[in-house]
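The next block holds one structure in the form of structure tokens; read it before the comments.
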Amino acid sequence: MKMPASRLFLLACLLSWTAATEAREAAESTLVRQSTMTREVERVEKGKKAKKVKRVIDTVVLENRFLELVFCPALGERIVQVRDKATGRKLLYEGVIKYSGSALDEGGGSGGGIHINHPHYHAGTSYVAPLPYVVETGPDGAASLTLAYTSYPHLQRTVWKVTLRPDEAGFRSEYRFENLSPLPMGFNPWINAMFPLRKDVQFILPADWVSGHWFGIGEKEQFGNWLRPWPVDKEGLDHSFLRDMNETSVFGYGITEGYSGIYFHDDDDGLARVFDPKVMPAAKAAGKWQPEPKGWDWCEVWGGLSHNMEDPVWIGPHETIEASDYWFPVRGIGGMTRANDQLALNLSVDEKGITCGIYAPRNLGRCLVRLAVDGEPLLGESVRLEPGKPFRRRLARPAEVDEVVLTVVDESGEILLRHGRFFSKRPRRVYQMVDTPWRRKNSFTQALWEEAFTPMMAWGPWYHPPTSFAKALEKDKANPELILAYARSLMKESESDLFRGRKSPPEEQRGKALEMLLRIVEDESVGIRARRLLGILQFGGDDKKAGETFLSLKRNPATAHLAHFPLALLAAAEGDWKKCLVAAKESLLHAPDATLPRLMVALVLLETGKPTEASEVLLPLMKRNPLEAAGLALAARAEKEKGRGKEADRLLALLKRIALLSPEQHEAGLQQLTSLRKGKYLDPLAVDTIRGSKELPGRAP
């Protein structure tokens, strides 16, 4: 039977509409694919000459119409490459991968890309062992890749989620850092982006002054204990250009603006990083121009949660800290002088004119661009700002120029970014340089810094904090804060040899710590903290005494929150799930972001026949960390008990995939569950996640 022409026309229209819809939907979704890369790998072994070999390594790619992001979970927490698809340019440095198989070995600068080093100070997790990952897609077409790493014996965890939306020429990184230990730990995660070493590189560092790499380590200038003007020095030389940098690395000092980046002037492009300076107050520029690089053939843009690499902060017991930043390529605007997560701007003045440029990583629609010189309007133009369409104008400059202000306003009248610069001389902010940095104020502060810094050192130890505390105590025998810190450092080393310089057997260290704590449990200034440490020390050896210690804390409303989780553990050890549930819920109420209390509540709910409630409790945890192995195991059990076998199988398949991708990380996750069931704190030595595989990553080409 022949189809009428009208129906044929309608069918053709329908097919055309369907094809166009599918093409549009594909264009409006972030694509995810598996790929490989071939790179040189160098096995780092002490006392042996390194040999480079080529390896083919699996990668994961997130891609939209603007960007291509290449990840390599086999090398840890790393974005290998960012490619701007409009130009085909690869922006990041790709170097030889120095593979040691251990986070305790040196290997800084290995492999390039963007990577996180946490909790290890330098070498760390970035290329030691393969990590589990998961890719998720959202209803808006966005795709995200999440990596997770848990370190034993440090008991610190990093969860890194990178999201690429289909309509943006930029990507957002979200970081979740957690201390799984009942003891406070030194905490200094940093994010490092590595770029090719080129003479045309300019560092974008939002600071009037910079300090040295080792700022505060010592009192002498050789340790970076100096401040220098940035970027233009007293002689008028601009040190933000790599070719004119005197120092190998500089840290922005007194950063209050949340942007940094790099610009390649020969290619007229770069990469911007936007962050919250209240959360991530650090930015570093590093590189040394060498016409023929020897050893160092890259440069770096760095960010972190403490002011520099040698200035760790503390992360409390079971504490979680979250941060995020936004990265996007910039091009076609002649440089970069300011950025936020909406725009990157260039505003510069020379003898001949004024240049203003704007680049937007997302479609902002029609905007008004205004340029004023000393309060007088020089430019007012309506332009459409969207990725791939940089705005750039070159204007004649008036004879005298003091202040130039560039303002971008959207259609609703909201100011997206206002950037003003003074081009006549102005006094800089002045900082008072201390003669003695805080870490060197006295032997006590020095030992505190060593306690925070030493566990993260890849090639240490340079220091042994318990010895330093003991020496400080000889001079100040009655200082309760010093006694408390000494006891805490002994506990850390007795449990896991965290400082890798143990001077006496663990039993002797624990006995000494007990003696110290009993001296100060009644002290008004430190008694509460000492009592808590005393209870932790008593755990496993004398649970009855531990229970009495924590109950004494619970009786005081001001300190009750310190007792909830340990009392939940003690109840679990006794098999008293009813008492355990009450304490675990109180602990979770106080610390809703903490992993272990949430797992404990879910576990007890399952033990008491409440799988639906257990699923609800686990949901926020699995959303923040979809690679939480213990959470997946409990969630699968809950689904099975609810009669949802297919969903349980799906969760178990995810758990099995984690085990295949990274056996150590799988074991580290399940160790949490084992400890909770037994009513114990995590054993720092239960798993070894610092040492990765002895095999080179990837396969021979």
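Since the structure is predicted, the reported quantities are computational estimates derived from the model, not experimental observations.
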Should the pair Asp593-Arg624 be classified as a salt bridge under the 4.0 Å nitrogen-to-oxygen rule?
yes
Test side chain to side chain contact (heavy atoms under 4.5 Å, CB included) applied to Ile358 and Leu364, Val369, Asn346, the passing residue
Val369
Check whether any side-chain N or O of Thr163 sits under 3.5 Å from a backbone N or O of Arg172 as a donor-acceptor pair, and report yes or no.
no
Taking only Lys NZ, Arg NE, NH1 and NH2, and the carboxylate oxygens of Asp or Glu, determine whether Glu381 and Arg393 approach each other closer than 4.0 Å.
yes
With a 3.5 Å cut-off and no angle check, do the side chains of Asp200 and Tyr263 form a donor-acceptor pair?
no
Any donor and acceptor pair, going by atom type alone, linking the side chain of Tyr259 with main-chain N or O of Ala344 inside 3.5 Å?
no
Between the main-chain N or O of Asp402 and the side-chain N or O of Asp374, is there a donor-acceptor pair closer than 3.5 Å?
yes
Using only atom types and a distance under 3.5 Å, with no angle test, would you say the side chain of Asp233 pairs donor to acceptor with the backbone of Leu237?
yes
Give the minimum heavy-atom separation between Ala272 and Val330, together with the two atoms involved.
CB-CG2, 4.0 Å
Whether Asp267 and Arg89 form a salt bridge (side-chain N of Lys/Arg under 4.0 Å from carboxylate O of Asp/Glu) is what I want to check.
yes
Please state whether the rings of Phe453 and Trp449 are parallel, tilted or perpendicular, taking 30° and 60° as the class boundaries.
parallel
Charged tip of Arg429 within 45° of Tyr431 ring normal and under 6.0 Å:
no
Picking from Leu406, Val405, Thr407, what satisfies side chain to side chain contact (heavy atoms under 4.5 Å, CB included) with Leu371?
Leu406
Between Trp209 and Tyr253, is the ring centre distance below 6.0 Å?
no
Here the pair of heavy atoms bringing Phe177 nearest to Phe187 is CB-CE1, 3.4 Å
Has Arg198 got a side-chain atom pairing as donor or acceptor with Asp266's backbone, closer than 3.5 angstrom?
no
Salt bridge or not between Asp268 and Arg331? Use side-chain N to carboxylate O under 4.0 Å.
no
Indicate whether any N or O donor in one side chain lies under 3.5 Å from an N or O acceptor in the other, for Asn192 and Trp190.
no
Stepwise salt bridge (charged side-chain N to carboxylate O under 4.0 Å, His left out) check, Arg176 with Glu322:
CA-CA 5 Å; Arg176 176 179 166 86; Glu322 295 182 339; 3.2 Å; yes
Distance-only, no hydrogens or angles: does the Arg157 side chain make a donor-acceptor pair with backbone N or O of Ala148 under 3.5 Å?
no
Donor-acceptor pair, side chain of Arg65 and main chain of Asp167, under 3.5 angstrom
no
Quick one: is the NZ or CZ of Arg228 closer than 6.0 Å to the six-membered ring centre of Trp226, and within 45° of its axis?
yes
Side chain to side chain, Val250 and Lys284, heavy atoms closer than 4.5 Å:
no
So do the side chains of Leu205 and Pro231 get within less than 4.5 Å of each other, counting heavy atoms only?
no
Is Asn340 reaching over with its side chain to a backbone N or O of Leu416, donor-acceptor style, under 3.5 angstrom?
yes
State whether the side chain of Gln81 and the backbone N or O of Leu91 hold a donor-acceptor pair below 3.5 Å, judged by distance alone.
yes
Given side-chain contact (heavy atoms from CB on, under 4.5 Å), test Phe391 with Tyr359 step by step and report yes or no.
CA-CA 6 Å; Phe391 170 85; Tyr359 193 87; over 6 Å; no
Salt bridge check: are Arg421 and Glu403 linked by an N-O gap of less than 4.0 Å?
no
Side chains of Ser173 and Trp160: is there a donor and an acceptor less than 3.5 Å apart?
yes
Tell me whether Glu63 contacts the main-chain N or O of Arg33 through its side chain, where contact means a donor paired with an acceptor under 3.5 Å.
no
Met194 side chain reached by Glu94 side chain, heavy atoms, under 4.5 Å
no
Between Thr248 and His213, do the side chains contain an N or O donor and an N or O acceptor separated by less than 3.5 Å?
no
Would you say the side-chain atoms of Ser324 and Glu174 include a donor-acceptor pair closer than 3.5 Å?
no
With a 4.5 Å heavy-atom cut-off, do Val404 and Val349 have their side chains touching?
yes
Would you say Tyr175 and Glu77 are linked by a side-chain donor-acceptor pair, where the criterion is simply a distance under 3.5 Å?
no
Test side-chain hydrogen bond (donor to acceptor under 3.5 Å, both in side chains) applied to Tyr326 and Glu168, step by step:
CA-CA 11 Å; Tyr326 186 68; Glu168 293 185 15; 2.7 Å; yes
Please report the closest heavy-atom contact between Ala169 and Pro387, naming both atoms and the distance.
CB-CB, 3.8 Å
Salt-bridge contact Glu68-Lys85 (side-chain N to carboxylate O under 4.0 Å)
no
Ignoring hydrogens and geometry beyond distance, is a side-chain donor-acceptor pair present between Asn188 and Ser306 at under 3.5 Å?
yes
Check whether the ring centres of Phe241 and His265 lie less than 6.0 Å apart, and answer yes or no.
yes
Within 45° of the ring axis of Phe171 and under 6.0 Å from its six-membered ring centre, is that where the NZ or CZ of Arg165 lies?
no
How long is the span from the OG1 atom in Thr158 to the CD1 atom in Ile116, to the nearest 0.5 Å?
6.0 Å
Classify the angle between the aromatic ring planes of Trp302 and Phe251 as parallel (below 30°), tilted (30 to 60°) or perpendicular (above 60°).
perpendicular
For Lys352, all residues meeting side-chain contact (heavy atoms from CB on, under 4.5 Å), sequence neighbours excluded:
Asp350, Arg394
Euclidean distance, Trp327 CH2 relative to Leu69 CG, rounded to 0.5 Å:
11.5 Å
Rounded to the nearest 0.5 Å, how far does CD1 of Ile315 lie from CD of Glu178?
7.5 Å
